[in-house]
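Just so it is clear, the model here is predicted, and its values are computed rather than measured. As a basis for the values below, the full set of heavy atoms in this structure was taken, side chains included, without hydrogen atoms, waters or symmetry mates.
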Amino acid sequence: MNKFVNSYVVFDTETTGLKDQTDQIIEIGALKYINDELVDEFEVLINPEEDIPEIITTITGITNEMVMGEKTIEEVLPLFMEFIGDLPVVCHNAPFDIGFINASLKKCGMDIMKNDAIDTVLLAREYIPQAYNYKLETLKKYFKLDFGSHRSVDDCKTTNFVYQECKKRALETVF
């Protein structure tokens, strides 16, 4: 697959931990771009049906009270999959987010995501070699972006900026 496309969905998850087999998704955010133009946004808090660890609340700001009464992952996944459709997905550390989505899809008896995936961590390593490291927060500081952090749509905005910057740098090396 071409590592640079013009129509795609950037998405990010916030979770109760790092293990897609045992931890739960508590937020999904996604931004849909057609011809590099933002056309739609998807943002939903998800009731994990278990307590959110204190450390996760500290990092994300997402509390048990915020997700109480929200839809469960079984209710959200069909909406999310419809939102992304057949478009390629762009994620920062794609194996993490796609791993959580696919583990949740399997638990819900649904087919796993088959969309082409573009990982901005790999792109940043190639096109932004002077960065200190390739964590999203580091790249956000490197580019002096003022988006928030550790909330899915804010992280999508940073991820899209990194994606577009890598795309621009790749085109500059071609011409």
Side-chain angles (χ1 to χ4, degrees), residues 1-16 20 23-48 52 56-57 59-63 65-105 108 110-121 123-124 135-137 139-168:
M1 131 148 243
N2 182 353
K3 59 184 166 184
F4 296 109
V5 294
N6 299 326
S7 297
Y8 55 93
V9 173
V10 178
F11 87 89
D12 182 66
T13 59
E14 299 301 334
T15 63
T16 59
D20 61 23
D23 293 313
Q24 308 303 318
I25 298 171
I26 55 175
E27 185 178 45
I28 300 175
L31 301 173
K32 185 182 291 184
Y33 292 86
I34 304 297
N35 295 320
D36 291 319
E37 198 167 312
L38 180 63
V39 297
D40 206 356
E41 185 174 313
F42 182 96
E43 182 178 24
V44 63
L45 286 170
I46 300 164
N47 184 341
I52 298 171
I56 299 301
T57 295
I59 293 168
T60 65
I62 300 171
T63 66
E65 293 75 27
M66 289 169 69
V67 298
M68 200 179 306
E70 295 292 335
K71 292 179 177 165
T72 62
I73 194 69
E74 293 84 3
E75 297 170 285
V76 170
L77 280 175
L79 303 172
F80 176 66
M81 296 307 290
E82 183 181 328
F83 180 85
I84 63 173
D86 294 336
L87 289 169
V89 294
V90 176
C91 305
H92 198 75
N93 190 12
F96 180 86
D97 295 294
I98 292 170
F100 264 93
I101 294 292
N102 282 339
S104 296
L105 286 164
C108 295
M110 298 172 68
D111 291 334
I112 63 168
M113 181 186 288
K114 294 186 174 67
N115 304 59
D116 287 332
I118 300 167
D119 190 340
T120 53
V121 170
L123 293 178
K135 293 177 182 175
L136 197 58
E137 189 68 20
L139 292 169
K140 187 178 94 166
K141 288 177 183 164
Y142 178 82
F143 288 112
K144 298 177 176 60
L145 303 175
D146 61 358
F147 305 127
S149 296
H150 303 297
R151 289 301 300 270
S152 57
V153 167
D154 284 333
D155 286 351
C156 287
K157 290 174 182 174
T158 302
T159 299
N160 188 63
F161 182 93
V162 171
Y163 177 67
Q164 289 296 330
E165 183 64 25
C166 290
K167 187 174 172 181
K168 183 180 95 184

Asks: Tyr8 and Tyr163: aromatic ring centres closer than 6.0 Å?
Replies: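 Yes; Tyr163 has its ring centre under 6.0 Å from that of Tyr8.
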Asks: If you look only at distance, which donor and acceptor atoms sit under 3.5 Å apart when one is on a side chain in residues 139-148 and the other is two or more places apart or in another chain?
Replies:
{"unit_1": "Lys140", "atom_1": "NZ", "unit_2": "Phe147", "atom_2": "O", "d": "2.8"}
{"unit_1": "Lys140", "atom_1": "NZ", "unit_2": "Ser149", "atom_2": "OG", "d": "2.4"}
{"unit_1": "Tyr142", "atom_1": "OH", "unit_2": "Gln130", "atom_2": "NE2", "d": "2.9"}

Asks: Answer yes or no: is there a side-chain heavy-atom contact under 4.5 Å between Val39 and Tyr33?
Replies: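 Heavy-atom side-chain distance check fails, nothing below 4.5 Å.
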Asks: Identify the heavy atoms of Asn47 and Glu70 that sit nearest to each other, and give their distance.
Replies: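 For Asn47 versus Glu70, the nearest heavy atoms are CB-O, 3.4 Å.
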Asks: Would you indicate whether the side-chain heavy atoms of Val67 and Ile52 approach each other to under 4.5 Å?
Replies: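 Answer yes - side chains close enough.
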Asks: Verify, without hydrogens or angle tests, whether Asp20 (side chain) and Ile101 (backbone) share a donor-acceptor contact under 3.5 angstrom.
Replies: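 A pair under 3.5 Å: no.
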Asks: Has Asn115 got a side-chain atom pairing as donor or acceptor with Leu87's backbone, closer than 3.5 angstrom?
Replies: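 Yes.
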Asks: Report the residues that fulfil salt bridge (Lys or Arg N to Asp or Glu O under 4.0 Å) with Lys157, sequence neighbours left out, ordered by chain and then residue number.
Replies: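 Partners of Lys157 by the salt bridge (Lys or Arg N to Asp or Glu O under 4.0 Å) criterion come out as none, since no residue qualifies.
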Asks: Run the side chain to side chain donor-acceptor pair (under 3.5 Å) check on His92 and Thr159 step by step: do they pass?
Replies: CA-CA 6 Å; His92 198 75; Thr159 299; 4.9 Å; no
Asks: Would you please name every residue forming a side chain to side chain donor-acceptor pair (under 3.5 Å) with Glu74, sequence neighbours left out?
Replies: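 In terms of side chain to side chain donor-acceptor pair (under 3.5 Å), with neighbours along the sequence ignored, Glu74 is linked to Thr72.
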Asks: Specify the closest pair of heavy atoms between Pro88 and Ser7, including all atoms of both residues, with the distance to one decimal.
Replies: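 Residues Pro88 and Ser7, closest heavy atoms: CD-O, 3.5 Å.
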Asks: With Glu27, which residues qualify under salt bridge (Lys or Arg N to Asp or Glu O under 4.0 Å), at least two apart?
Replies: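 Once residues adjacent in sequence are excluded, the partners of Glu27 under the salt bridge (Lys or Arg N to Asp or Glu O under 4.0 Å) criterion are Arg151.
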Asks: Tell me whether Thr120 contacts the main-chain N or O of Val162 through its side chain, where contact means a donor paired with an acceptor under 3.5 Å.
Replies: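 Side chain of Thr120 to backbone of Val162: no pair is present.
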Asks: Got a donor-acceptor contact below 3.5 angstrom from the Asn6 side chain to the Ile34 backbone?
Replies: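 No: the side chain of Asn6 does not pair with the backbone of Ile34.
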Asks: Restricting to salt bridge (Lys or Arg N to Asp or Glu O under 4.0 Å), what partner residues turn up for Asp36, sequence neighbours left out?
Replies: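 With neighbours one apart ignored, the set is Lys167.
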Asks: Can you name the closest pair of heavy atoms from Cys156 and Gly29 and give their distance?
Replies: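 Closest pair (atom of Cys156, atom of Gly29, distance): SG-O, 3.3 Å.
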Asks: Which one of Asp12, Leu136, Val10 satisfies the side-chain contact (heavy atoms from CB on, under 4.5 Å) criterion with Thr158?
Replies: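 By the side-chain contact (heavy atoms from CB on, under 4.5 Å) criterion, Thr158 pairs with just one of Asp12, Leu136, Val10: Leu136.
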Asks: Asp119 side chain to Val121 main-chain N or O, any donor-acceptor pair under 3.5 Å?
Replies: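 Yes, Asp119 side chain to Val121 backbone: donor-acceptor pair under 3.5 Å.
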Asks: Is there a side-chain contact (heavy atoms from CB on, under 4.5 Å) between Ile118 and Val5? Walk through the geometry before answering.
Replies: CA-CA 9 Å; Ile118 300 167; Val5 294; 3.8 Å; yes
Asks: Given Ile84 and Val89, is the side-chain contact (heavy atoms from CB on, under 4.5 Å) satisfied, shown in steps?
Replies: CA-CA 8 Å; Ile84 63 173; Val89 294; 4.2 Å; yes
Asks: Please round to the nearest 0.5 Å and tell me the distance separating atom CD of Glu14 and atom CD1 of Ile46.
Replies: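 One gets 10.5 Å once the value is rounded to the nearest 0.5 Å.
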Asks: Please list, chain by chain and in numerical order, all residues satisfying side-chain contact (heavy atoms from CB on, under 4.5 Å) with Thr15, sequence neighbours excluded.
Replies: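 side-chain contact (heavy atoms from CB on, under 4.5 Å) list for Thr15, sorted by chain: Thr13, Ile25, Phe96, Phe100.
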Asks: Report the C-alpha distance between Thr57 and Ile62 in whole Å, list the side-chain angles of each, state the deciding distance to 0.1 Å, and finish with yes or no for side-chain contact (heavy atoms from CB on, under 4.5 Å).
Replies: CA-CA 5 Å; Thr57 295; Ile62 300 171; 5.8 Å; no
Asks: Is the backbone N or O of Met66 less than 3.5 Å from a side-chain atom of Thr63, with the two atoms forming a donor-acceptor pair by type?
Replies: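 Side chain of Thr63 to backbone of Met66: a pair is present.
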Asks: Establish, from distance only, whether the side-chain atoms of Thr60 and His150 form a donor-acceptor pair under 3.5 Å.
Replies: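 Absent: no donor and acceptor within the cut-off.
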Asks: How long is the straight-line distance from CG of Asp116 back to NZ of Lys3, given to the nearest 0.5 Å?
Replies: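 Here the rounded value is 14.5 Å.
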Asks: Kindly say whether Glu41 contributes a backbone atom to a donor-acceptor pair with the side chain of Lys32 at under 3.5 angstrom?
Replies: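 No; zero donor-acceptor contacts below 3.5 Å.
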Asks: Side-chain contact test, heavy atoms from C-beta onward, threshold under 4.5 Å: evaluate it for Leu79 versus Phe42 and give yes or no.
Replies: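 Yes - at least one pair of side-chain heavy atoms lies under 4.5 Å apart.
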